[in-house]
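Okay, structure first, notes after.
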Amino acid sequence: MVPAPQTPAHTHGSIVIDLSSPILPPGFFAAPAPVLARQLIGARLLVDGVGGTIVETEAYDSTDPASHSFSGPTARNAAMFGPPGHAYVYRSYGMHWCLNLVCGPVAGGAVLLRALVPEDGIPLMRERRGPVPDRDLCRGPGRLCQALGVTVAHDGLPLDAPPFHLIPGPAEGMGEGAVVAGPRIGITRGADTPWRFSLRGSRFLSRPARG
DNA sequence: CGTCGGATACCCT
DNA sequence: GGGTATCCGACGC
């Protein structure tokens, strides 16, 4: 008789359920975008097993002139007006993809993922990103999508099912004051709204924290 | 490690 | 037309 493995996992055929992963709380995505954006710092995101700890986010909602939802539904932003808890993926500069998590008590809210710490699937990230320092694998919203293999094919997909795996934070060792709020990056309208959130002192941010 | 220009394509008003 | 991220080479700290 072989003793049961001491790992916190059950197996059903080829499916492995990792019992160490906290369950996404009900209503997690019903929070307003700035609230969820702050909560996501220290959470972990995997796409097909590739990803790491989120260290930089930005919040957008329909009251915000910087938001794609500000001027109402279009073909591109349809996912922002769908149910919370789904992905919104859009193209930036005609060549990069950007991943948002649709959220909020009303339509039109989303959190843009701007940077994470490469932790899982780093060899595949390197293949996708080419010869860059590991620090730069997921440092920026477009780079993050390239490293995780996120494209418009993920637009509208639910975030609580494969290929997505979102594990709520905060990460070990994160305490009060670990999250910095400041102005968002690369926008002109709504530039004074402090809806960029980042992990204080992280070297994986797309740019240093301001504010 | 930070900042600075210059170059690149698509979505929406 | 206005908005937008990345890569590059350059240079300062």
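As the structure is a computational prediction, the values presented were derived from the model and not from experiment. Lettering of chains follows the sequences in order, A, B, ..., and the numbering in each one begins at 1.
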A/P25: what forms a side-chain contact (heavy atoms from CB on, under 4.5 Å) with it, not counting sequence neighbours? A/F28, A/P168

Scan residues 178-192 of chain A for pairs that pass side chain to side chain donor-acceptor pair (under 3.5 Å), counting only residues two or more places apart or in two chains. A/D64-A/R184

Among residues 181-201 of chain A, which contact DNA chain C at a heavy-atom distance under 4.0 Å? A/G186, A/I187, A/T188

Starting from Watson-Crick (N1-N3 plus N6-O4 or O6-N4) and G-U wobble pairs under 3.5 Å, report the runs of at least three that DNA chain B belongs to. B:3-12 with C:1-10

In whole Å, I'd like the distance from the CD atom of A/Q146 to the P atom of C/dT6. 9 Å

Encode nucleotides 8-13 of chain C as B, S and - characters from 5' to 3', where the letter depends on protein heavy atoms closer than 4.0 Å: B to the base, S only to sugar-phosphate, - to neither. ------

Return a table of donor-acceptor pairs under 3.5 angstrom between the side chains of residues 174-182 of chain A and protein atoms on other chains or two or more places apart.
none

Can you tell me how far P of C/dC7 sits from CZ of A/R135, to the nearest Å? 13 Å

Quick tally for nucleotides 7-13 of chain B: nucleotides whose base has a protein heavy atom under 4.0 Å get B, sugar-phosphate-only ones S, the rest -, giving -BBSSSS

Establish, from distance only, whether the side-chain atoms of A/Q146 and A/R129 form a donor-acceptor pair under 3.5 Å. yes

Could you note down all residue pairs passing salt bridge (charged side-chain N to carboxylate O under 4.0 Å, His left out) where residues 93-110 of chain A supplies at least one of them, sequence neighbours left out? none

Could you tell me which non-hydrogen atom of A/D61 sits nearest to which non-hydrogen atom of A/W195, and how far apart they are? OD2-CH2, 3.4 Å

Hey, can you pull the donor-acceptor pairs under 3.5 Å for the side chains in residues 151-161 of chain A, sequence neighbours left out?
unit_1: A/T151; atom_1: OG1; unit_2: A/A153; atom_2: N; d: 3.0
unit_1: A/H154; atom_1: ND1; unit_2: A/T151; atom_2: N; d: 3.1
unit_1: A/H154; atom_1: ND1; unit_2: A/T151; atom_2: O; d: 3.4
unit_1: A/D155; atom_1: OD1; unit_2: A/V89; atom_2: N; d: 3.0

In whole angstrom, give the distance that lies between atom CG of A/L205 and atom P of C/dA5. 15 Å

For A/S198, give me all partners under side-chain hydrogen bond (donor to acceptor under 3.5 Å, both in side chains), at least two apart in sequence or on another chain. none

Could you pull out all donor-acceptor pairs under 3.5 Å where a side-chain atom in residues 105-126 of chain A meets a protein atom, sequence neighbours excluded?
unit_1: A/R114; atom_1: NE; unit_2: A/E56; atom_2: OE2; d: 2.8
unit_1: A/R114; atom_1: NH2; unit_2: A/S206; atom_2: OG; d: 3.1
unit_1: A/E119; atom_1: OE1; unit_2: A/R44; atom_2: NH1; d: 2.4
unit_1: A/E119; atom_1: OE1; unit_2: A/T53; atom_2: N; d: 3.1
unit_1: A/E119; atom_1: OE1; unit_2: A/T53; atom_2: OG1; d: 3.0
unit_1: A/E119; atom_1: OE2; unit_2: A/T53; atom_2: OG1; d: 2.9
unit_1: A/D120; atom_1: OD2; unit_2: A/R44; atom_2: NH2; d: 3.4
unit_1: A/R126; atom_1: NE; unit_2: A/D134; atom_2: OD1; d: 3.0
unit_1: A/R126; atom_1: NH2; unit_2: A/D134; atom_2: OD2; d: 2.7

Can you check the A/F70 CZ to C/dG2 P distance for me, whole Å? 18 Å

Nearest-Å distance for atom pair CH2/C1', residues A/W97 and C/dT4: 14 Å

Pairs in or reaching into residues 90-109 of chain A: which pass salt bridge (charged side-chain N to carboxylate O under 4.0 Å, His left out), with residues at least two apart or in two chains? none

Just the rounded figure in Å: distance from C1' of C/dT6 to CG of A/D136. 11 Å

A/H68 NE2 to C/dG3 P, straight-line distance once rounded to whole Å: 12 Å

